[in-house]
2 protein chains.
Amino acid sequence: MTEQLYSRPGSRPDRRPRLQPNELRAWKAFLNAQASVLRELEADLVGQERLTLAEYDVLVQLALAPRQELRMTDLWEQVRLSRSGITRLVDRLARRGLTGRRPCPTDRRVTYAVLTAAGRERLRRATPTHLQGVRGYFIARLEPDQLERFTRSLEALASR
Amino acid sequence: MTEQLYSRPGSRPDRRPRLQPNELRAWKAFLNAQASVLRELEADLVGQERLTLAEYDVLVQLALAPRQELRMTDLWEQVRLSRSGITRLVDRLARRGLTGRRPCPTDRRVTYAVLTAAGRERLRRATPTHLQGVRGYFIARLEPDQLERFTRSLEALASR
DNA sequence: GGAATAAAGTTGCTCAGTCAACTATTGCAC
DNA sequence: GTGCAATAGTTGACTGAGCAACTTTATTCC
């Protein structure tokens, strides 16, 4: 994580790509920013609403979907999780009554995850907490006039 | 994750802090950037060197320490992990012969984690992979003239 | 239309991580 | 110096995630 191993100044000419000090600083800042913001945000959400970020995200996706339901696969595309991760997450939410499952009549391979009334209500309650977190731990710490540039840099980092 | 739940345009005046579209975009980009970069980087490191990022990080910290050893607590301060997480990570590395443990003679509560020769060698081998990852998935995707600003924004996000 | 291939979803296994409880040792107060 | 609080580290129980293997159903291709 620190200097020597990343760039040895004055060492031999080197085919290995080493990191410059400012690059290293950027990298560290990137790691720290993620850890910091997500940790704080998730702590609030779990502490106050018993929802992890991933669970919250699934509820949001369902709430936004046409009939408040999504095929597992579509959910998988929206949420950063493996297929089995989705299965289990929806399981968990279902056990708590926040989602349900509905088989698709036309394609018997597919299952819809459905937002229940309780799920909708839970989402409604959790949303202010989450938004306050995003505002407080993310937006508020950024210079408003840097937001645009910052966003573009972040977007450049996401692979295709 | 998408618009309606974050800001309802034209709804009643509202004490709840909602997100503006550009703020939402920034937030999404932040999440995606993290997921993307870490996933790619870690996949390389695990695939080629059987080391997770956290394990790599611990090896680096030890390599940089004075006698290539650190108290568990100091390690804990450097690496984003719980105390027991550190214990177990060092355990795992020790089982693979990459670290050792040494009791402190003056304070019998403390244990030093020590980098072994094998650990040093493994780190040496893994470093190019990691650096290529950081360069390829992070630095290379950023505009050089934005790096400084980007770093400052990231640093602003890390809580004290 | 039948065989091969692909897609959707779940399950078993394992792993890495957390929290809370615990032991052991040291430092501090008075 | 005794007693209490703080510090260092580990352990147990549990959780959330991934991968690989598997079942079932749909699609494609000849």
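Predicted, not measured: the structure shown is a model, and the values here were computed from it. Just so you know, these numbers use all the heavy atoms, side chains as well, and skip hydrogens, waters and symmetry mates. Order of the sequence lines fixes the chain letters, A, B, ..., with proteins taken first and strands second; residue numbering starts at 1 for each chain.
Residues that satisfy the side chain to side chain contact (heavy atoms under 4.5 Å, CB included) test with A29(B), not counting sequence neighbours, are T151(A), L154(A), E155(A). Looking at residues two or more places apart in sequence or on another chain, you find a salt bridge (Lys or Arg N to Asp or Glu O under 4.0 Å) between R101(A) and D91(A). Residues satisfying the side chain to side chain contact (heavy atoms under 4.5 Å, CB included) criterion with N22(A), sequence neighbours excluded, are Q20(A), L147(B), E148(B). S153(A) meets the side chain to side chain contact (heavy atoms under 4.5 Å, CB included) test with L142(B), Q146(B), F150(B); sequence neighbours excluded. Contacts of L53(B) classified as side chain to side chain contact (heavy atoms under 4.5 Å, CB included), with partners at least two apart in sequence or in another chain: L38(B), L41(B), E42(B), L45(B), H130(B). Evaluation of the side-chain hydrogen bond (donor to acceptor under 3.5 Å, both in side chains) rule for N32(B) yields no partner, not counting sequence neighbours. Residues passing the salt bridge (Lys or Arg N to Asp or Glu O under 4.0 Å) test with R109(A) are D107(A), sequence neighbours excluded.
Heavy-atom nearest nucleotides on DNA chain D were determined for A54(A) and for V110(B), and the one closer to the 5' end corresponds to V110(B). With DNA chain D read from its 5' end, the first of the two nearest nucleotides for R88(B) and R92(A) is the one closest to R88(B). Both R80(B) and S84(A) lie close to DNA chain C; mapped to their nearest nucleotides by heavy-atom distance, the more 5′-ward contact belongs to S84(A).
The salt bridge (charged side-chain N to carboxylate O under 4.0 Å, His left out) contacts involving residues 113-123 of chain B comprise E121(B)-R124(B), where partners must be two or more places apart or lie in separate chains.
By the 6.0 Å contact criterion, CZ on R102(B) is enclosed, its count of non-hydrogen atoms from other residues, nucleotides or ligands being greater than 12.
Using a 4.0 Å cut-off between a side-chain N of Lys or Arg and a carboxylate O of Asp or Glu, R71(A) and E77(A) do not qualify as a salt bridge. Looking at E143(A) and R149(B), no side-chain N of the basic residue comes within less than 4.0 Å of a carboxylate O on the acidic one, giving no salt bridge.
Nucleic acid contact for I86(B): none, since no nucleic acid atom lies under 4.0 Å from a heavy atom of the residue. Among the protein residues, T73(B) comes within range of the sugar-phosphate backbone only, with heavy atoms under 4.0 Å from sugar or phosphate atoms but none that close to a base. Counting non-hydrogen atoms under 4.0 angstrom, R71(A) reaches the backbone sugars and phosphates but no base.
Side-chain contact check for D57(A) and Q61(A): at least one donor-acceptor pair (N or O, by modelled atom type) lies under 3.5 Å.
Base-pairing analysis of DNA chain C finds the following stems of at least three consecutive Watson-Crick or G-U pairs, with both pairing distances under 3.5 Å: C:1-30 with D:1-30.
Contacts between residues 99-108 of chain B and DNA chain C, counted as heavy-atom distances below 4.0 Å, involve T106(B), D107(B), R108(B).
For DNA chain C, the outermost nucleotides in 5' to 3' order that have an atom under 4.0 Å from a heavy atom of chain B are dA16(C) to dT26(C). Read 5' to 3', the first and last nucleotides of DNA chain D with an atom closer than 4.0 Å to a heavy atom of chain A are dG16(D) to dA26(D).
Using the six-membered ring where Trp is involved, F138(A) and F30(B) have ring planes that are tilted, between 30° and 60° apart.
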